[in-house]
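Encoded as structure tokens, the structure appears first; notes follow it.
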There are 2 protein chains.
Amino acid sequence: MIQSPLEMRHLQTLVALADTGSLSRAAERVFVTQSALSHQLKLLEGHYGSPLFERGTKPLRFTQAGARLLALARQVRELTAEAEREVAQWVGGGGGQLRVAVECHTCFDWLMPAMDAFREHWPQVELDLVSGFQAEPISLVETGAADFAVVHDRPAPRAGVATAPLFTYETVAILSRKHPLAQKPWLSPQDFAGETLISYPVEDDMLDVVRHFLAPAGVKPKRRNAELTVAILQLVASGRGIAALPAWSVQAYLERGYVVAKPLGESGLRCELYAAMPESLAEKPYLQDFVAKIREGA
Amino acid sequence: MIQSPLEMRHLQTLVALADTGSLSRAAERVFVTQSALSHQLKLLEGHYGSPLFERGTKPLRFTQAGARLLALARQVRELTAEAEREVAQWVGGGGGQLRVAVECHTCFDWLMPAMDAFREHWPQVELDLVSGFQAEPISLVETGAADFAVVHDRPAPRAGVATAPLFTYETVAILSRKHPLAQKPWLSPQDFAGETLISYPVEDDMLDVVRHFLAPAGVKPKRRNAELTVAILQLVASGRGIAALPAWSVQAYLERGYVVAKPLGESGLRCELYAAMPESLAEKPYLQDFVAKIREGA
DNA sequence: ACTGGATCATGAATTTCTCTCAACAAAACC
DNA sequence: GGTTTTGTTGAGAGAAATTCATGATCCAGT
């Protein structure tokens with residue numbers, strides 16, 4: 001065994017690097033500054049006497065050495081997670097329940113894979129979805145009706161409720177390619193004034209656009225609803241109005257040129273997603289694992 | 001992936017714990033204080049909510065959780081070492097030579113397994129033994145005639161020569177069961193006065209006993225030589241004299257009651273083994289790995 | 001049961017490291 | 001060519017692991 005400076009955090013970094021394709025995004029993923037990663041990698045590369053990836057390519061490309069260490073990282077992470085799950089199930093008795101409350105429709109896109117992975121790894125934990133569309137999800141946690149809520153922005157601290165950041169994303173305006181506003185580099189709230197906002201059938205203040213973009217500017221466009229993301233896009237493409245969705249949820253359609261996306265405001269509208277859990281459960285390994293799975297997007 | 005406090009150092013600790021069977025010996029093995037390990041393990045056990053091994057049994061017994069993590073540790077260490085060897089061979093070109101000089105006969109007992117493992121892992125490195133029995137091994141390194149020397153005690157720093165601690169051991173006196181001195185709890189230098197010292201055919205000052213025990217007290221017993229450890233034991237058992245050998249090298253014979261061992265001095269004679277290497281090579285991964293293999297005893 | 005020695009635990013202080021911060025360099029992108 | 005994104009670097013702050021000193025516990029041998 002070579003005494004090496006390789007630590008778990010380096011393995012996490014490598015995986016995040018491969019998953020995100022850039023230093024700065026990898027830094028977000030592991031909740032440190034990109035400066036930290038730069039230092040980390042400099043040290044590693046110094047130790048191995050070789051660069052681990054080519055900088056300045058998008059996405060970055062690993063060198064042979066980097067790729068080998070990345071493979072190691074994936075193996076080790078997998079093995080470690082497995083061992084720790086086993087131990088946790090012996091120690092914790094294996095039981096438990098996890099009732100998930102969600103307030104945003106698009107969340108299901110990433111929630112489903114995470115839930116699937118979870119079910120496989122924690123078969124003894126009862127996993128349920130409780131609708132969060134009527135009540136505020138966080139109050140469901142507070143009252144004990146849910147064990148896990150996905151909420152927007154950092155929630156105000158409440159007694160008995162722990163929170164953890166999940167990830168951030170950008171919500172963008174979606175327009176038909178032929179829409180007049182498609183010429184602008186970005187959209188202002190006023191641009192929505194005469195338009196129809198196409199969205200999921202939820203309350204106004206459950207929508208990122210309304211809460212953080214339109215409402216502050218006093219703009220209240222007409223609304224039209226659709227249950228499914230594809231349906232919304234259909235309406236947008238046929239010129240029935242504008243939508244506002246998380247950038248990643250429409251990635252595929254943008255690449256095909258089906259519709260176009262525009263930032264909301266000059267610097268875009270970034271939204272943060274947080275998890276809220278009962279403090280009594282926050283330390284449970286299966287809950288922490290669930291959070292981790294969501295962060296990794298699987 | 002559960003975000004866990006499990007770090008590489010913890011895995012090293014677990015393996016050392018299993019190999020040595022006690023906290024304090026494991027601490028020696030990883031070159032930290034026993035206190036450090038105690039803290040480490042307390043943290044780990046706190047995290048997993050379960051003890052990892054039963055204390056106060058000799059050797060210690062792992063719990064189910066501890067055993068699982070130990071298995072993980074072994075896996076991860078193996079995978080990591082393998083990956084790093086590959087990377088090192090790509091980066092370093094794979095070549096190199098390793099000429100080993102040794103000054104003590106018993107060293108071969110642990111050197112051979114280490115060399116065997118090394119040959120397997122670094123097939124491209126030329127591994128040779130150069131006799132260190134005529135010259136002082138460390139000067140062979142200094143003159144460039146050897147790349148690796150095993151020496152006693154911490155060597156005085158020399159220009160261009162790097163040193164690294166290998167391990168410590170106790171050398172004990174070996175007597176026939178019927179020998180009068182076998183009644184004493186420990187032997188003083190004076191006890192050797194009228195006796196015959198049976199040892200390997202090397203200079204006086206190459207023997208731990210002489211250099212650190214007898215010579216300082218001005219005692220110079222008669223000497224009689226044998227090439228092989230078994231031969232020495234033979235002579236001892238038949239009452240021809242006393243030997244002084246590393247405790248671990250005669251372990252098997254002691255258990256069978258073939259001979260008896262006595263500490264040299266009231267608190268025993270502990271010897272330290274060091275490696276001396278050219279500074280220019282000290283950082284080479286294959287050299288560090290060789291050191292590591294020796295420390296692990298394989 | 002008592003004593004001596006070895007093994008392990010604990011708390012405070014220190015050292016060691018990593019991270020962040022802030023300013024800079026280098027690309028990339030209009 | 002300016003402007004924005006992305007990565008680098010050095011210094012300082014903060015956290016965490018280690019050591020040191022000491023106390024508790026356990027086992028062996030009488």
Side-chain angles (χ1 to χ4, degrees), chain A residues 3-14 16-17 20-47 51-63 66 168 170 183-186 247 262-263 265-268 270, chain B residues 3-14 16-17 20-47 51-63 66 168 170 183-186 247 262-263 265-268 270:
Chain A
Q3 88 110 49
S4 84
L6 198 63
E7 287 294 332
M8 291 296 182
R9 99 186 75 92
H10 297 124
L11 303 185
Q12 303 282 10
T13 297
L14 286 174
L17 223 43
T20 64
S22 98
L23 258 192
S24 34
R25 268 187 298 278
E28 260 186 21
R29 170 83 126 43
V30 297
F31 295 99
V32 296
T33 53
Q34 122 278 50
S35 173
L37 295 199
S38 192
H39 283 294
Q40 271 187 22
L41 290 165
K42 186 175 187 186
L43 233 58
L44 274 193
E45 295 185 326
H47 174 77
L52 299 179
F53 60 91
E54 301 169 23
R55 288 88 201 297
T57 67
K58 206 169 57 172
L60 54 80
R61 247 208 326 271
F62 284 84
T63 63
T168 70
E170 182 178 6
Q183 303 310 317
K184 300 189 64 176
W186 50 271
K262 293 292 163 188
E266 189 164 2
S267 52
R270 296 202 65 78
Chain B
Q3 87 108 54
S4 84
L6 197 64
E7 287 295 333
M8 291 296 182
R9 101 185 71 93
H10 297 124
L11 303 185
Q12 303 283 10
T13 298
L14 286 174
L17 223 43
T20 63
S22 99
L23 256 192
S24 32
R25 267 186 300 279
E28 260 184 23
R29 171 83 127 41
V30 297
F31 295 101
V32 296
T33 51
Q34 157 275 340
S35 173
L37 293 199
S38 192
H39 284 295
Q40 267 187 26
L41 291 164
K42 188 176 185 186
L43 233 58
L44 274 192
E45 295 184 327
H47 174 79
L52 299 180
F53 59 92
E54 301 169 22
R55 289 88 201 297
T57 68
K58 206 168 56 173
L60 54 80
R61 245 206 329 269
F62 283 84
T63 63
T168 71
E170 182 177 4
Q183 302 310 317
K184 300 188 63 176
W186 51 271
K262 294 291 164 189
E266 190 164 3
S267 52
R270 297 202 65 77

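Numbered from 1 within each chain, the chains take letters A, B, ... in sequence-line order.
Nucleotide C:dC8 holds its P atom 16 Å from the CG atom of B:Leu44, rounded to whole Å. Following rounding to the nearest Å, B:Glu54 (CD) and D:dC27 (C1') show an atom-to-atom distance of 16 Å. Atom CD in B:Glu7 sits about 14 Å away from atom C1' in D:dA15, given to the nearest Å. Between the CG atom of A:Leu60 and the P atom of D:dT8 there is a distance of 11 Å, given to the nearest Å. Atom-to-atom, CG of B:Leu41 to P of D:dA17 comes out at 13 Å; the value is rounded to the nearest Å. One can place CG of B:Leu23 at 15 Å from P of D:dC27, the figure rounded to the nearest angstrom. B:Glu45 places its CD atom 13 Å from the P atom of C:dC8, with the value rounded to the nearest Å.
A donor-acceptor contact shorter than 3.5 Å is absent between the side chain of A:His10 and the backbone of A:Leu41.
If you check the side chains of A:Arg29 and A:Thr20, you find no donor sitting under 3.5 Å from an acceptor.
Within the 4.0 angstrom heavy-atom criterion, only backbone atoms of the sugar-phosphate kind lie near B:Ser24; the bases stay farther away. Among the heavy atoms of the strands lying under 4.0 Å from B:Ser22 are primed sugar atoms or P, OP1, OP2 only; no base atom is included.
Residues meeting the salt bridge (charged side-chain N to carboxylate O under 4.0 Å, His left out) test with A:Glu54, sequence neighbours left out: A:Arg61.
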Could you give me the CA-CA distance, side-chain angles and deciding distance for B:Lys184 and B:Lys262, then say whether side chain to side chain contact (heavy atoms under 4.5 Å, CB included) is met? CA-CA 8 Å; B:Lys184 300 188 63 176; B:Lys262 294 291 164 189; 5.7 Å; no
Go through A:Thr33 and A:Glu28 one step at a time and tell me if the side chain to side chain contact (heavy atoms under 4.5 Å, CB included) criterion holds. CA-CA 7 Å; A:Thr33 53; A:Glu28 260 186 21; over 6 Å; no
How does each nucleotide of nucleotides 11-30 of chain C score, in 5' to 3' order, for protein heavy atoms under 4.0 Å: base (B), sugar-phosphate only (S), or none (-)? B------SSBB------SS-
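Across all non-hydrogen atoms, the minimal contact from A:Gly268 to A:Pro263 is CA-CB, 4.0 Å. Considering all non-hydrogen atoms of both residues, A:Thr168 and A:Arg270 come closest at OG1-NH2, 3.1 Å.
At C:dC8, none of the side-chain N or O atoms of B:Ser38 fall inside 4.0 Å of OP1 or OP2 (strictly under the cut-off). Using a 4.0 Å cut-off, some side-chain N or O of B:Arg25 falls inside it from OP1 or OP2 of C:dT7.
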